[in-house]
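The structure under discussion appears below in the form of structure tokens.
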Amino acid sequence: QVQLVESGGGLVQAGGSLRLSCATSGRTFSSYAMGWFRQAPGKEREFVSGISRIGGTTYYADSVKGRFTISRDNAKNSVYLQMNILKPEYTAVYYCAATTGSHASRRLSSYDYWGPGTQVTVSS
């Protein structure tokens, strides 16, 4: 079992930045590929970004490429999402997730553990 807790969400103006963090506990963090997802009101949860177990490979949704950067620190059992040049349409609850799979899939069903989420609100 692994527990995940996101932090760093909040209210920011369009064009601003936020850095989300996801702290984990439980089994060895480096055993998991990690992903970030988001869910806006009335919409399905969607993939945002993913990172391999040791951080050598990263993935991004087309909508956030060039704006978001995912990283991880296995010594701190944490994964991060740096979000720059934010848009109002990025307003959502952001979730981190862990998978024992071989890579950070874009599919929700591939993930074994989820955090409770953190709210990000981008005002226009």
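Along the sequence shown, residues carry numbers from 1.
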**Request:** Given side-chain contact (heavy atoms from CB on, under 4.5 Å), test S49 with L81 step by step and report yes or no.
**Result:** CA-CA 8 Å; S49 183; L81 186 68; 4.1 Å; yes
**Asked** Has the side chain of R106 got a donor or acceptor atom that lies under 3.5 Å from a matching backbone atom of Y60?
**Response** yes
**Item:** Stepwise side-chain contact (heavy atoms from CB on, under 4.5 Å) test for Y80 and M34
**Value:** CA-CA 10 Å; Y80 309 98; M34 301 295 294; over 6 Å; no
**Prompt:** If we only count heavy atoms from C-beta on, is the V79 to I70 side-chain gap below 4.5 Å?
**Reply:** yes
**Asked** Is a side-chain N or O of R72 found less than 3.5 angstrom from the main chain of F29, in a donor-acceptor match?
**Response** yes
**Prompt:** Any chain of hydrophobic side-chain contacts (each under 4.5 Å) joining Y59 to V64?
**Reply:** no
**Item:** Euclidean distance, Y111 OH relative to C96 SG, rounded to 0.5 Å
**Value:** 10.5 Å
**Approximate separation, where rounding is to 0.5 Å, of H103 NE2 and S110 OG** = 6.5 Å
**Message:** Centre-to-centre under 6.0 Å for F47 and F37, is that the case here?
**Reply:** yes
**Request:** Please identify each residue that fulfils side-chain hydrogen bond (donor to acceptor under 3.5 Å, both in side chains) with T57, with sequence neighbours left out.
**Result:** none
Can you list, pair by pair, the side-chain donor-acceptor contacts under 3.5 Å of residues 14-25, counting residues two or more places apart and other chains?
{"residue": "S17", "atom": "OG", "partner": "N84", "partner atom": "OD1", "Å": "3.0"}
{"residue": "T24", "atom": "OG1", "partner": "N77", "partner atom": "O", "Å": "3.0"}
{"residue": "S25", "atom": "OG", "partner": "Q3", "partner atom": "OE1", "Å": "2.9"}

**Prompt:** For the hydrophobic clusters of this structure (ILVMFWY residues joined by side-chain heavy atoms under 4.5 Å, transitively), does one cluster hold both V93 and Y113?
**Reply:** no
**Request:** Starting at CZ of R38, measure out to CD of Q119 and round the result to the nearest 0.5 Å.
**Result:** 12.0 Å
**Prompt:** How far does CD of E46 sit from CG of L108, to the nearest 0.5 angstrom?
**Reply:** 9.5 Å
**Prompt:** Mind checking whether E6 and P116 have side chains closer than 4.5 Å, heavy atoms only?
**Reply:** yes
**Message:** Given 3.5 Å as the limit, does a donor-acceptor pair link the side chain of T91 with the main chain of E89, or not?
**Reply:** no
**Least distance between heavy atoms, A40 atom then A92 atom** = N-CB, 3.7 Å
**Asked** Only one of V2, N74, T99 forms a side chain to side chain contact (heavy atoms under 4.5 Å, CB included) with Y32, so which one is it?
**Response** V2
**Request:** Taking the six-membered ring for Trp and the single ring otherwise, decide whether the centroids of Y90 and F68 are under 6.0 Å apart.
**Result:** yes
**Message:** Please give the remaining members of the hydrophobic cluster of V5, linking ILVMFWY side chains under 4.5 Å, ordered by chain and number.
**Reply:** none
**Asked** How long is the gap from OH on Y95 to CD on Q39, to the nearest 0.5 Å?
**Response** 5.0 Å
